[in-house]
Structures are given as structure tokens and as C-alpha cells.
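Shown next, in C-alpha cells, is the structure this report addresses.
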Amino acid sequence: MEALTSTVERGAEAVKEVLSDSGIEYSMHWAKLGDLNKAKVTEDFGPRGKSPP
């Protein structure tokens, strides 16, 4: 089971890298990867307290 867990994580990281490197906008679901940081959340969803257009 551990092999599957690490394979999924590596696959998800590879997808993120390709999307980012290709300039394709995306937002991964936090529960799937959990590798979010403040900068990425702000980039995807805007600054805290800002209403969507």
C-alpha cells in the first residue's frame, strides 16, 4: 500500500509541475494534495476578504 501512496503523490506533483510550467491556470483540491501555501491560495482565489467579480 505504501508504494501506491508514494506513486500517487509523485504523479500529482508531476501534474502540478507540467501545468505550472505550461502556464495553464489550475487549482488542485487541497484535500487531494494538501501541499498548498498562502501564495498559491491567494494566486488562485484572490486576497482574503476580496469578493469574486
Legend entry - With Val15 via side-chain contact (heavy atoms from CB on, under 4.5 Å) - residues at least two apart: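 Listed in chain order: Leu19, Met28.
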Inset, instruction - Kindly write out the residues that satisfy side-chain hydrogen bond (donor to acceptor under 3.5 Å, both in side chains) with Thr42, not counting sequence neighbours, or none if the list is empty. - result: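 By the side-chain hydrogen bond (donor to acceptor under 3.5 Å, both in side chains) rule, Thr42 matches no residue at all.
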Inset, instruction - Report the distance from atom CD of Glu17 to atom CZ of Arg10, rounding to the nearest 0.5 Å. - result: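 Here the interatomic distance stands at 13.5 Å.
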